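Here the structure is laid out as structure tokens; the discussion comes afterwards.
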Amino acid sequence: MFSIIKAAVGGLTALCRVNGHQQGLLHGHLKVLAAGLNTRDIPPDHSDVVLPDRRKLKFVNKMPNFKNAKKEMKNLKDIQGPATAANAFTKGEFAIVAMGGGYLHWGHIEMIRLTINRKMDPKTTFARWRVNGPYKPVTRKGLGMRMGGGKGAIDQYVTPVRYGRFIVEVGGKVELGEIQRIMTEVAQKLPFKAKVFSRASLAAFQKKHADMEQNNQNPWTFKEITLGNMLGIRKVLSPKDLCHNGRFAGKFHLPWRV
Amino acid sequence: MAATLCRILLPKQGWLPFTQCVRHGSKSVTRHKRPLHFLKQKLMSVTRYIPPPRPAPPGAYPRQTIRDQEDDPFTILVKKNLKNVFQESKMIAVVQNSGSTADEMMLLKYKLHKHGITVKFFPNQVVRSFLKDSTYSNMAPLFIGHTVLFISKEPKVKEMLSSLRTSRHMLLLGACIDNTLLSAQGVVSYSKLPSVAVVQGELVSGLTLLTSQTAAMLQRHPAQLSALLQQHVKQQSSEGAPKAQEAT
């Protein structure tokens, strides 16, 4: 009797083993699903952000209200060098920052205004101008005119923009990812190089430059040589090179210079 | 473009060089990048930014503190196994395996299993670190390359050698038999040694040679014994006479 039971048990185990083996053969190609913990990032809390009443960009006039408009000299030094005004964040979180010098005329300003006003969501975002409307008169002579006969008539008004100046500042209950696409679209159409920054990325950008200055292995610096006028090099440099230390060439900023 | 040298008189407050070469080309702010004066080009290249030297990437150089590393649990397990192996077995042979196939391996294992020899695989690094701490430290040079261990409780050297002779890829490097380290030739000569019983018998027979001979002589026929003894006396006397003559 015991032998029969043993045989039965042995047979059963053999059967199970065979089945398991077959199952293993059949399902060997499938992935093993393990139970895991789904962790998600906590979305940022924008409850403390206060949105202003007028959230869209205001309309900017083509020219200032002058009774007697005066012609001005070209005065190209308003493009040269870094910006000292409007080069920091005020109320917003993200901004388009100029990476070079140039003139913005009414067409550019309209483009910025229309694009941003159309694409942004006024319930959650607001935008602010950080440049003035065009105020600098630019003269032009008629087509095909010979030299001479006085200065040309005022053709248009422009706004000068220096390197590091904010053009538009955007804020509200938004993340960079939502707003970046719209702002880069605008930034690429500007007549100078421009980039979109957030508060953190701008701080990081400035820190990177400061670190570059710190860990420069070159014992010779532009500043040292120009201040001391070594080898009479100031003969071939302009007075602005003393201020800018070789980082600017005309209206262009040279990012590889320290 | 006319080059004009302008001598400009300036007040002494902020100084500029007295002579400035003024070429009436483009203005300082242009839409294109103005070509730099050669000296300014030189100045820009001399004062360029030189970044600090980059450190080597993390996996570039081997870690220096290899010896001071603690063993991971797997190594500890393997070392325990090794310890048991060395304690229990009398014969431990190290064989180099140069690309034997699974079938050959299977056949070899089958052949050896019939004589009670097991085939074991251990990682070389672990074995070397184990041997370093044990009494078998002189075996360490054997464990280089693809090695296999043949272990048995009884030193069955002849059978092992015969099975290794037939296999093409296995090469005997050395063995530790009865706590004595043997080279490959040593193992061969060990196999040619007679068995313990035979050696013992030879030793016993050598020791009891004289007594057995005398016992055999005494058991012979008494006439032969007396003849032998007479011959012996004659020889002794003949030896004694020449020795006395030599002495005088």
Side-chain angles (χ1 to χ4, degrees), chain A residues 73-81 100-103 160-163 191-192 208-258, chain B residues 1-58 60-61 72-74 102-103 105-106 109-110 113:
Chain A
M73 290 195 274
K74 260 200 198 66
N75 202 20
L76 290 171
K77 61 181 189 278
D78 53 11
I79 306 297
Q80 251 184 343
Y103 288 122
V161 168
R162 284 189 156 119
Y163 163 83
F192 39 78
K208 194 174 154 196
H209 180 76
D211 286 341
M212 263 174 81
E213 274 184 41
Q214 273 282 302
N215 62 24
N216 186 10
Q217 301 294 303
N218 197 343
W220 297 108
T221 49
F222 194 100
K223 188 167 184 175
E224 186 195 350
I225 294 175
T226 46
L227 269 183
N229 190 19
M230 297 186 184
L231 296 177
I233 197 78
R234 280 186 65 181
K235 186 177 173 191
V236 298
L237 298 177
S238 105
K240 291 288 179 186
D241 288 315
L242 269 176
C243 311
H244 306 324
N245 294 327
R247 287 183 58 213
F248 292 90
K251 65 173 183 173
F252 301 105
H253 170 251
L254 312 170
W256 57 86
R257 297 284 314 168
V258 81
Chain B
M1 261 166 267
T4 48
L5 272 166
C6 302
R7 278 187 180 271
I8 307 162
L9 278 170
L10 290 159
K12 281 291 173 184
Q13 277 176 340
W15 75 274
L16 280 170
F18 285 111
T19 46
Q20 281 181 327
C21 186
V22 179
R23 278 185 175 269
H24 292 288
S26 49
K27 295 192 199 260
S28 58
V29 179
T30 48
R31 287 175 200 194
H32 62 278
K33 290 223 171 82
R34 247 170 37 121
L36 298 174
H37 193 280
F38 184 60
L39 290 176
K40 190 171 180 192
Q41 275 180 41
K42 279 194 195 178
L43 174 68
M44 298 292 258
S45 73
V46 161
T47 56
R48 70 187 166 91
Y49 170 67
I50 297 174
R54 287 200 300 180
Y61 296 109
D72 47 284
F74 178 66
D103 318 349
M105 209 66 215
M106 204 167 69
K109 278 190 187 174
Y110 177 68
H113 185 71

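Just so it is clear, the model here is predicted, and its values are computed rather than measured. All chains are named by letter (A, B, ...) in the order of the sequence lines, taking the proteins before the strands, and each is independently numbered beginning at 1.
For the residue pair B/Pro51 and A/Gln217, the shortest heavy atom distance occurs at O-CG, 3.4 Å. Between B/Arg48 and A/Asn216, the shortest heavy-atom distance links the atoms O-OD1, 4.1 Å. Taking both residues in full, the closest heavy atoms of A/Phe252 and B/His32 are given as CE1-O, 3.6 Å, listed atom of the first, atom of the second, then distance. Smallest separation of non-hydrogen atoms from A/Lys251 and B/Arg31: CE-CA, 4.1 Å. Residues B/Lys40 and A/Val236 come closest through the heavy atom pair N-CG2, 4.1 Å. The two residues B/Tyr49 and A/Trp256 have their closest heavy-atom pair at CB-O, 4.0 Å.
With contacts defined as side-chain heavy-atom distances shorter than 4.5 Å, the pair B/Met44/A/Phe222 qualifies.
Within a 6.0 Å radius of NE2 in B/His113, other residues, nucleotides and ligands contribute 12 heavy atoms or fewer.
When heavy atoms are compared at a cutoff of 4.5 Å, A/Ile233 approaches chain B solely by way of its side chain, counted from C-beta outward. In this structure, chain B has no heavy atom under 4.5 Å from any part of A/Leu231. The contact between B/Lys33 and chain A is made by backbone and side chain atoms together, counting heavy-atom distances below 4.5 Å. Heavy atoms of A/Thr221 lying under 4.5 Å from chain B belong exclusively to its backbone.
With rounding to the nearest 0.5 Å, the separation of CD in A/Gln80 from OG in B/Ser28 is 4.5 Å. Separating the OG atom in B/Ser45 from the CG atom in A/Asn218 is a distance of 9.5 Å, to the nearest 0.5 Å.
When the candidates B/Leu39, B/Thr30, B/Leu43 are compared by the number of heavy-atom contacts under 4.5 Å with chain A, B/Leu43 comes out ahead.
Partner of B/Thr47 under the side-chain contact (heavy atoms from CB on, under 4.5 Å) criterion, out of A/Val258, A/Ile225, A/Thr226, A/Asn245: A/Ile225 alone.
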